[in-house]
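Sequential numbering from 1 along the given sequence is applied to the chain's residues.
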Amino acid sequence: MLDDLPLAVRWAVAGLTAAGLIVAVARATGGGRHEAVPGLYSSGRASDLGHIVMLAAIFIMVVFPHDAVPSYLWQSIFGALAAVYTVLIVIHIGQRRRAPVGGQSTDLIAAAGYHLIAALAMLYPTLGAVSRPEMYGLHREHAAPPPLPVLGWIGVAFFLADLLGSVIVAITLRFPGIDHRKLPKATRVAVFPHAVMDLTMSLMLVTALVGS
C-alpha cells in the first residue's frame with residue numbers, strides 16, 4: 001500500500017503524518033487548555049484519540065513494509081476502533097434526545113460518525129491481504145485488490161470532499177453552507193490532524209485500489 005509509493009513521496013507523507021500526530025497528541029494531553037471545537041474536527045478527546053491511533057497507523061504503514069505488521073493485527077485494531085465509535089454514536093444519540101436541539105451532542109455524533117467511517121476505511125485495504133508460501137515453508141503477506149472496489153472509490157471521494165471542506169473551514173472559520181457560526185481560532189489547530197487524515201487515507205485507498 002503506502003510503502004509502495006516513491007521514496008520522496010513516502011517521506012513527505014511520513015513527515016506530514018508525524019506533524020498531524022504531534023498536534024493531535026498535544027491537544028489530547030493539553031489538560032485544562034484543551035478546547036473543544038464544534039463539528040467533525042474535534043469535539044473532545046475521543047476525537048483526538050481517534051486522530052492519534054489512525055495517524056500513528058498511517059505513519060507505520062508509510063515507513064515500514066506492508067507486511068511488517070500482520071493484516072490480522074490491523075484488522076483487530078481498526079475493527080475495535082470502529083466498535084468503540086459505534087458505541088459512542090449510540091451514547092451520544094441518547095444524550096441528544098435528552099438535550100436541547102443543537103446542543104453539543106449533535107457535534108459529538110458528527111465527530112464519532114466521521115471516525116467510524118475513517119476506521120472502516122482503514123480496515124478496508126487490509127481485507128485484500130493474502131498469505132502465500134515462500135521458501136523454506138515460510139509465509140508472507142502480499143497485497144491483493146480489496147473487495148468491492150466501488151466502496152473504496154466512494155471512500156476516496158468522501159475524504160477528498162471532507163479535505164476541501166476542512167481547508168475552507170480553516171481559512172474562513174465557518175462551516176460552508178451549514179450555518180454562520182464564527183468558530184474559535186483553535187479550530188485551525190484541530191482541523192490540521194483531521195485534514196492530514198483525509199489526505200493520507202485518500203492516498204492509502206487509491207494505492208490499495210490501483211497499485212494492487
According to a 4.5 Å side-chain heavy-atom criterion applied to Ile, Leu, Val, Met, Phe, Trp and Tyr, with indirect links allowed, do Ile52 and Ile22 form part of one hydrophobic cluster? no
Flag side-chain contact, heavy atom, 4.5 Å: Asp162 against Tyr114: yes
Indicate the atoms forming the closest heavy-atom contact of Val156 with Leu205, along with that distance. CG2-CB, 3.6 Å
Tightest non-hydrogen contact, residues Arg27 and Val189, listed as CD-CG1, 4.2 Å
Closest heavy-atom pair and its distance - Ile77, Val53: CG2-CG1, 4.3 Å
Less than 4.5 Å apart, any side-chain heavy atom of Met61 and any of Thr200? no
Shortest non-hydrogen contact between Ala18 and Phe59, atoms and distance: CB-CE1, 4.1 Å
If hydrophobic clusters are built by linking Ile, Leu, Val, Met, Phe, Trp and Tyr wherever their side-chain heavy atoms come under 4.5 Å apart, do Met201 and Val9 end up in the same one? yes
Would you say the side chain of Leu203 lies within less than 4.5 Å of the side chain of Leu199, judging by non-hydrogen atoms? no
What are the two closest non-hydrogen atoms of Pro146 and Leu209, and how far apart are they? CG-CD2, 4.0 Å
Restricting to non-hydrogen atoms, name the atom on Ala119 and the atom on Met54 that form the minimum distance, rounded to 0.1 Å. N-SD, 3.9 Å
Do the non-hydrogen side-chain atoms of Trp74 and Leu123 ever get within less than 4.5 Å of each other? no
Could you tell me whether the side chain of Phe159 reaches within less than 4.5 Å of the side chain of Ile117, counting heavy atoms only? yes
With heavy-atom distances below 4.5 Å as the criterion, would you say the side chains of Thr126 and Tyr72 are in contact? no
Just so I know, are the side chains of Phe192 and Val196 near enough to count as touching, which here means a heavy-atom distance under 4.5 Å? yes
What I'd like to find out is whether the side chain of Ile58 reaches to under 4.5 Å of the side chain of Met122, using heavy atoms alone. yes
Joint hydrophobic cluster, Leu151 plus Phe158, side-chain heavy atoms closer than 4.5 Å: yes
Ignoring hydrogens and geometry, is there a side-chain-to-backbone donor-acceptor pair from Tyr85 to Ala118 under 3.5 Å? no
When hydrophobic residues are tied together by side-chain contacts of less than 4.5 Å, even through go-betweens, does Leu120 share a cluster with Leu148? yes
Has His115 got a side-chain atom pairing as donor or acceptor with Ala111's backbone, closer than 3.5 angstrom? yes
